[in-house]
Amino acid sequence: MKKKSVVIAAALALLFSGAGVVFAGTPPVAALQRGVARLLRPLMRAADGAGRAIGGGGRMFSFSTCGACDDERTRREVAETKLVQAADENASLKKMLGLKQQFGSRVIPAAVAVYNQEWDREWLIIDAGEENGVRVGDPVIDEQQFLVGEVAEVWPGSAKVSVASNKGAAFGVVLAAPGGPSQQDSPAGGEALAHGLGSRALSVELIPRGTPVRPGDMAVRISKSDKKIPQIFAGRIAAVDERAGGAFKTAVAVLLSHPERIDRVMVITLP
C-alpha cells in the first residue's frame with residue numbers, strides 16, 4: 001500500500017510540475033496548484049514515512065561522507081603496518097646477529113636483491129661479491145640456519161646463489177633425529193650424499209644400511225674441508241626406501257628453507 005502511495009504521489013507531482021511550467025501565472029492554474037498541493041500533502045507525508053522505514057530511520061536517499069575520518073583511518077592503518085614491519089625486521093636482524101656470533105668471522109651477511117625461477121631451477125642474486133670474500137661453492141643460509149644453496153657465480157658487488165634442491169646440486173649430509181645430537185661425530189658416521197631433484201626435493205643416497213633413518217629426521221649439511229663448521233640444516237626426510245640391495249639405502253628429503261620469502265642471507269666462507 002505504501003509503495004502504491006509513493007508512485008501516485010510521484011506521478012501527481014510530475015503532472016503538477018509540468019502544468020505549472022506551461023500555464024504558470026494564470027488564475028485558474030494558481031487555484032489548481034493550491035488544490036493539488038492540499039491533495040498531495042497527506043500522500044507526501046506517507047511517502048516520507050515509507051522512505052524513513054526503508055532507510056532504517058533515516059531519510060531514503062541520505063548519504064554522508066567523512067573525508068577527514070577516512071584519511072585518519074588510513075594514516076592509522078599505515079602506521080600500524082609500519083610498526084609490524086619494523087618489529088619483524090628487528091627480529092630478523094637479531095637472528096642474523098646470533099648467527100654471526102655463532103659462525104664467527106667466516107660469515108658474510110647479504111641482502112637478497114632478486115629471486116627467480118626458471119622451470120625447475122631457482123636462484124638468488126645477493127648484494128655481496130668478490131670484494132667481500134664471497135667465493136664459488138660457499139654455502140648460503142637463512143636466518144633459521146637453514147641451507148638455501150651454494151654460490152654459483154661471483155661478480156664485483158654481487159653473486160648468484162643456486163638453490164640447494166636444483167638438479168645437479170650435490171653435497172654431503174649427516175642424518176639426525178629432530179632435537180637429537182648430530183651423528184656427525186658418531187662412530188658409524190651416518191654420512192650420506194644429497195642430490196637436488198628440483199621442486200624443493202632432495203635425494204639422499206649412500207646411507208649406510210646400519211644407520212637408523214626415519215621420516216622426520218634431519219639432513220644436516222657437512223663440510224669435508226671444515227669439520228668444525230656449525231650445523232646447517234638442509235632438509236627433512238619425507239620417505240625412506242629400504243628395498244635397495246647392498247650396503248646402502250636411499251631416502252627423499254624436502255628442503256627446509258623457502259628461498260622466495262627470504263630478504264637476508266649469510267654466506268659461510270669455507271677454508
Side-chain angles (χ1 to χ4, degrees), residues 91-92 95-96 98-99 102-103 106-107 115 117 119-124 137-151 161-262 265-268 270:
S92 176
K95 290 178 181 179
M96 287 295 184
L99 288 177
Q102 181 179 352
F103 284 85
R106 66 176 64 222
V107 299
Y115 163 79
Q117 180 178 12
W119 297 100
D120 58 351
R121 297 185 62 83
E122 299 173 274
W123 48 269
L124 308 174
D138 286 344
V140 179
I141 64 174
D142 66 7
E143 62 184 21
Q144 303 294 333
Q145 208 167 326
F146 295 162
L147 179 66
V148 177
E150 291 187 353
V151 176
V161 179
S162 178
V163 172
S165 57
N166 286 345
K167 290 182 178 179
F171 50 91
V173 296
V174 294
L175 302 172
S182 168
Q183 298 179 9
Q184 184 171 346
D185 299 321
S186 65
E191 294 186 6
L193 182 66
H195 282 281
L197 295 175
S199 302
R200 309 285 172 88
L202 300 166
S203 174
V204 185
E205 304 167 1
L206 301 179
I207 304 172
R209 185 160 292 279
T211 300
V213 54
R214 296 170 297 276
D217 287 354
M218 294 290 182
V220 182
R221 188 191 189 283
I222 59 173
S223 171
K224 296 291 187 180
S225 60
D226 188 357
K227 293 288 187 179
K228 295 182 179 180
I229 188 172
Q231 293 180 344
I232 298 176
F233 301 98
R236 186 186 301 276
I237 301 297
V240 181
D241 186 359
E242 300 275 3
R243 297 172 298 175
F248 302 101
K249 54 187 174 182
T250 61
V252 174
V254 178
L255 191 70
L256 290 172
S257 64
H258 297 275
E260 78 283 2
R261 304 179 188 173
I262 299 173
V265 295
M266 303 283 265
V267 180
I268 312 299
L270 298 176

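None of these values were measured; they are calculated from a predicted model.
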Report the distance from atom [atom1] of [X] to atom [atom2] of [Y], rounding to the nearest 0.5 Å.
X	Y	atom1	atom2	result
Glu150	Asn166	CD	CG	11.0 Å
Thr211	Leu206	OG1	CG	11.5 Å
Thr250	Glu242	OG1	CD	9.0 Å
Glu205	His195	CD	NE2	4.5 Å

Could you report the tightest heavy-atom contact between [X] and [Y], atom names first, then the distance?
X	Y	answer
Ala234	Leu255	O-CD1, 3.5 Å
Ile207	Ala192	CG1-CB, 3.8 Å
Leu202	Ala164	CD2-O, 3.6 Å

Are side-chain heavy atoms of [X] and [Y] found at a separation under 4.5 Å?
X	Y	answer
Arg221	Ile141	no
Leu256	Met218	yes
Leu270	Asp138	yes
Val204	Ile237	yes
Met266	Glu143	no
Val220	Val173	no
Tyr115	Glu122	yes

I need the single residue from Asp142, Ile232, Val140, Val163 that forms a side-chain contact (heavy atoms from CB on, under 4.5 Å) with Leu147. Which is it?
Ile232
Quick one: which residue pairs count as a salt bridge (Lys or Arg N to Asp or Glu O under 4.0 Å) with a foot in residues 168-178, not counting sequence neighbours?
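Those involving residues 168-178 do not exist here.
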Main chain of Ser199, side chain of Ser165: is a donor-acceptor contact present, judged purely on distance under 3.5 Å?
no
Between the side chain of Arg209 and the main-chain N/O of Phe248, is any donor-acceptor distance below 3.5 Å?
yes
Could I get the full list of side-chain hydrogen bond (donor to acceptor under 3.5 Å, both in side chains) partners for Glu260, not counting sequence neighbours?
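side-chain hydrogen bond (donor to acceptor under 3.5 Å, both in side chains) check on Glu260 returns Arg200.
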Please evaluate residues Ile262 and Val148 with respect to the criterion side chain to side chain contact (heavy atoms under 4.5 Å, CB included), reporting the C-alpha separation (whole Å), side-chain torsions for both, the decisive distance (0.1 Å), and the verdict.
CA-CA 9 Å; Ile262 299 173; Val148 177; 3.6 Å; yes
